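Each chain gets a letter, A, B and so on, in the order the sequences are listed, and its residues count up from 1. These numbers were taken from a predicted model, which means no experiment stands behind them.
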Amino acid sequence: MTIMWKFCTHPSVRDSNGRSVVGWVIDRELEKNITTLLQSNPNADEKFLAKLLLKNFCSEPLVLALLTFWGERCLEIQTRQPVEAQNLDLSWFISLAYPLLYWRALARRHLSCFLYRVGEPAANEVHSQLIKFPQYAQLQFDKCDVWQIAWSIATDPAKIFKNFDFERPLEKYSYGVMKGKIKDQILRLGMEKMSSNWALLKKSTQISVKEALRHQGYKQTKLDCYLLAWNLFKQIYAPQRPTGSRSLPAPTGEQFDEIANLYNQQVRRRPQLATLGAANRKTIEAWLTECIQALRNYQTRHRVSDSINAPSGRNEDSAPLSEIIFAPSSNSQVAQRAQLGNTPDSEMWEQLENQEPAEQLKAVLLDFLPQKPRDTSKCKYLLLLLICGLDLDYRSIAPIFGVCHTTVNRRYKSEMQRLLTEVAKWAQKQLGVTPDSENLERMRAELNQFLNEHYRELIFQEVFQNALQQLDQQRRKLLHLGYSWEMNEAEIARELQLPEPEVSNGLVTGRQELATAIAIWIQTDFNLNLPPELVDKIAIKVRVLIKNY
Amino acid sequence: MSSILEAFTTLYPDQIWLEVSLDEIKKKWPLEQEYSYDVARWNAFLNRLTLDVFLRWIEEESGIKEQPEVWPSRDDLSSIWEVVNGTAIQLGETRIVLIPNEAMDTKEYEVPAEWVDIPSWTADYYLAVQVNPDDYWLRVWGYATHKKLKQVGQFDRIRRTYSLQPEELIEDLNIMWAARELGCDRKATIEPLPSLSPARAQSLLEQLSQKTPYSPRLEVPFAMWGTLLASDEWRQELYNRRVVPSKKLVDLRQWLGHFAESGQNLIEDGWQRLEDIFASPEPIAVRSQRGAKPTSPDAIAFFIHLLQSNQPEHVRRTAFKFLEENGAGNPDVINFLTELLHSAKNEKTRWQVALSLGKVDLENPLSGIRKAKLIDLGMQLIVVLSVTIVPKANGRKGVLLQVWSQSETTLPAGLKLSLLSETGETRQEVEATSDLEGRGKGSLTLPAFSPPPGTRFRVRVMRDDDSITKDFIV
């Protein structure tokens with residue numbers, strides 16, 4: 001069931017007592033495909049399936065390209081004419097290529113489903129960061145909007161998995177990339193909506209313009225004209241000075257003429273542009289205006305909710321929205337997840353995919369870590385504990401050290417750099433790994449993972465486990481369902497048959513008590529006074545500790 | 001840090017977000033005449049802003065101990081920004097190129113081929129900088145190595161750029177610093193560029209200096225373009241030709257050139273020999289107070305001997321002074337000074353020798369040229385600005401700037417002599433002071449400098465609100 005949930009469902013947003021909640025709709029065609037795969041591979045688990053889908057999806061372009069090339073050469077030899085001059089029955093060829101194309105399309109859809117699943121928590125995390133800054137209009141998006149952005153990104157898994165290293169944990173990798181892309185999109189949308197049309201055109205990248213034009217349905221030849229015109233616009237048009245207003249005027253008539261002249265010159269001069277016709281001032285202005293319109297339309301594409309909420313694709317037999325999976329009357333979420341051995345599936349996924357650092361490296365890292373000294377004012381130990389163990393930001397913890405947050409940032413980065421360098425030297429000496437930028441980036445990811453696990457484990461052993469046991473059973477259950485199983489309050493209420501306000505209250509007070517226990521431990525052990533607002537932040541971060549419990 | 005930057009730092013903790021003030025934005029805007037077309041001016045603005053803000057971050061925040069240097073030099077930047085985006089800095093042995101971009105999205109990172117395929121321009125690391133002057137911030141959102149750009153980057157033949165996707169960059173600069181410390185990042189191998197004959201270079205310069213509203217970088221094949229750009233002299237020449245001069249330049253090359261041909265000091269636009277201004281063979285600052293008297297060969301030999309031995313500075317100064325005052329036209333003195341000019345390792349000594357040689361042998365080509373001009377600052381204050389140029393072994397010219405009092409023995413307090421870049425940034429400055437009894441110096445001297453051929457600079461003499469600025473090209 002978890003495999004189906006991960007690879008065969010689409011999100012569906014609905015209103016629940018005035019709040020938007022996400023349900024999942026199964027795509028029957030995808031379900032059938034996975035069932036067929038599992039029948040021929042009974043021992044296949046999620047990891048196996050994910051790799052199979054990725055390998056097929058990622059390698060397809062080469063296979064298809066080879067097949068196409070081979071097919072065209074065969075036809076040329078047979079007919080002694082170029083393929084373009086023929087009007088042949090290519091059914092035999094299509095019959096060969098079609099299964100590959102179909103399989104690729106299916107793999108793509110499966111991977112999109114996987115990314116929809118990953119996209120929801122990624123979007124939630126980004127949204128929780130954005131709402132801390134309500135004063136900035138350009139960063140304010142509803143949770144629904146952020147979900148839509150995430151799911152819009154998920155429809156193109158090629159962009160997520162383009163450089164995927166199969167040795168890396170899939171879900172963690174996807175989560176990180178999705179989060180980054182969601183943030184980039186939000187930042188961009190915020191700036192775009194405040195920019196005038198010509199500023200938007202001037203400040204777009206070629207990729208954005210190309211995507212927007214393709215989204216508009218423009219074919220390659222037209223695309224080439226427009227992109228060339230846009231490139232030349234960029235070469236010739238610039239603000240006369242910084243305006244501070246995100247607004248730029250249209251180019252002057254003279255500038256349009258210059259662009260047109262240069263366009264025609266380029267077309268004459270370069271063989272690869274020979275197919276493009278000439279242009280004049282009016283043409284250039286029209287093309288650039290169309291580029292602007294395409295960019296504006298492309299901005300709002302993620303708001304078309306129907307394409308996401310409803311399963312899409314051909315020959316599809318999807319379940320209607322009323323059959324949302326995990327309906328409470330029949331199959332409780334807990335019961336279904338219990339089929340996996342009483343562990344949250346995301347955690348199990350992590351355990352499947354997670355490649356823990358070698359024991360030897362762990363021992364080495366422990367030696368490199370700062371030890372708990374008596375003087376806490378410059379305590380790197382405390383710094384790492386708070387940032388890696390509790391995921392607190394620099395601004396929150398700066399008052400503890402009596403410095404500004406940029407100093408905290410600097411100290412943290414300095415310490416991370418030191419640790420990374422030590423790890424790199426060890427890896428070079430013991431494993432023969434060259435510590436160039438690429439390898440260091442991988443090592444850094446492992447180092448981050450180790451530090452997070454190490455300091456969370458420390459907090460867990462020193463204080464958290466006891467504090468959790470001190471809570472009453474009901475609150476322990478609430479916290480477990482809410483943060484380990486990622487159920488929302490409505491779902492928990494249904495599961496435990498409790499009123500929602502009681503669920504909400506239990507979660508809040510449970511978190512607060514755990515946070516207070518951690519805060520007291522830090523204050524006692526390190527002889528510090530923690531400001532109340534920091535305790536509140538720890539309460540929010542307690543979720544992560546519970547999830548990893 | 002402003003709150004919006006705090007928001008961004010929260011969202012992107014691994015990236016560097018830097019604030020820019022309105023004042024900085026105003027100051028970084030180039031003058032109209034500094035670049036020949038709008039996009040170059042805008043690029044220069046973005047690059048200048050990026051460079052200064054990033055250098056400030058390196059010095060104040062990064063924890064890096066080494067002093068960063070602009071490559072090749074600040075004076076060369078205009079000639080680069082006139083034609084291509086990007087700025088290089090040198091941090092010890094490491095070269096880092098900053099590529100600023102005002103694009104609102106970071107879907108691609110684009111590096112002009114000049115920074116990747118010109119052998120002397122290649123860098124170890126290329127930083128992606130997003131600049132948003134409207135919202136007063138810029139951010140460094142990742143970096144790539146030369147190898148990554150060459151091996152993974154998509155080359156656009158039309159735009160002549162290498163592009164990477166954002167996931168191909170490394171976001172955390174900590175990794176770059178660690179990699180730099182460990183020294184294992186290697187550049188990709190690139191082909192050397194072909195050489196250009198001077199005639200061909202001149203022909204290209206003629207073609208590319210035609211005024212266009214866009215960069216000429218795509219007008220000729222890259223091999224030729226790259227070779228042209230890699231030469232400091234040709235690049236500067238291209239810049240000089242493209243940027244319309246709006247002010248009269250004093251061409252120091254003509255001073256030396258004319259002197260080398262004719263052995264005569266060319267007098268033009270009020271520039272004449274310092275000695276003629278003071279109507280004496282010796283400038284006031286070094287006039288002997290004892291008066292002239294015949295000098296014995298033994299005395300000459302004695303002071304030559306002093307300069308040949310390792311004497312304290314004040315003794316050497318006295319010896320030079322004696323030879324200047326008493327050795328005019330003396331072959332022994334001239335020969336000795338000429339040999340010393342070749343053999344002296346100390347820069348200060350070479351200047352001194354060149355100046356002394358100029359006093360004892362006015363027509364000696366090795367002595368360089370010193371010319372001066374009267375500067376009227378108003379309020380009955382007239383001073384003498386002198387410029388001495390000396391040929392150097394590396395093909396450059398040494399330049400020494402001085403101001404002398406014309407009628408008084410000391411310069412008035414508050415008088416300033418400044419060396420400015422072509423764009424008006426102060427590079428060096430000295431100010432005349434006086435003690436409680438009103439005693440001061442009779443001259444001001446700026447430290448000597450040796451700019452690349454074709455460099456333009458400005459010299460300003462100022463007191464209170466009155467100033468005179470002269471523009472030079474060397």
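The residue among A:R269, A:Q266, A:K425 with the most heavy atom pairs within less than 4.5 Å of chain B is A:R269. Heavy-atom pairs under 4.5 Å with chain B peak, among A:T434, A:D393, A:L187, A:V177, at A:L187. Among the candidates B:L22, B:V152, B:T10, the residue making the largest number of heavy-atom pairs closer than 4.5 Å to chain A is B:T10. Counting heavy-atom pairs closer than 4.5 Å to chain B, the top residue among A:Q206, A:E192, A:Q129 is A:Q206.
Judged as a ring pair (Phe, Tyr, Trp, His ring centres under 6.0 Å), and not counting sequence neighbours, the contacts of A:Y226 are A:Y218, A:W287.
The salt bridge (Lys or Arg N to Asp or Glu O under 4.0 Å) contacts involving residues 223-249 of chain A comprise A:R246-B:D135, where partners must be two or more places apart or lie in separate chains.
Of the possible donor and acceptor atoms, none in the side chain of B:H146 sits under 3.5 Å from a partner among the backbone N and O of B:D124.
Remark: B:K107 is not positioned above the aromatic ring of A:Y298, lacking an NZ or CZ atom under 6.0 angstrom from the ring centre and at most 45 degrees off the axis. Relative to the ring axis of A:Y237, A:K202 does not place its NZ or CZ within 45° and under 6.0 Å from the centre.
Against chain A, the residues from residues 165-174 of chain B that qualify, each with a non-hydrogen atom under 4.5 angstrom away, are B:Q165, B:E167, B:E168, B:L169, B:I170, B:D172, B:N174 in number order. Residues of residues 57-64 of chain B that come within less than 4.5 angstrom of chain A, heavy atom to heavy atom, are B:E60, B:E61 in numerical order.
For chain B, the nearby part of A:Q265 is the side chain; its heavy atoms alone come within less than 4.5 Å. For A:L200, the parts lying under 4.5 angstrom from a heavy atom of chain B are both the backbone and the side chain.
A salt bridge is defined here as a Lys NZ or Arg NE, NH1 or NH2 lying under 4.0 Å from an Asp or Glu carboxylate O, and A:R444 with B:D14 meets this definition.
Using modelled atom types and a 3.5 Å distance limit, the side chains of B:Y12 and A:D184 yield a donor-acceptor pair.
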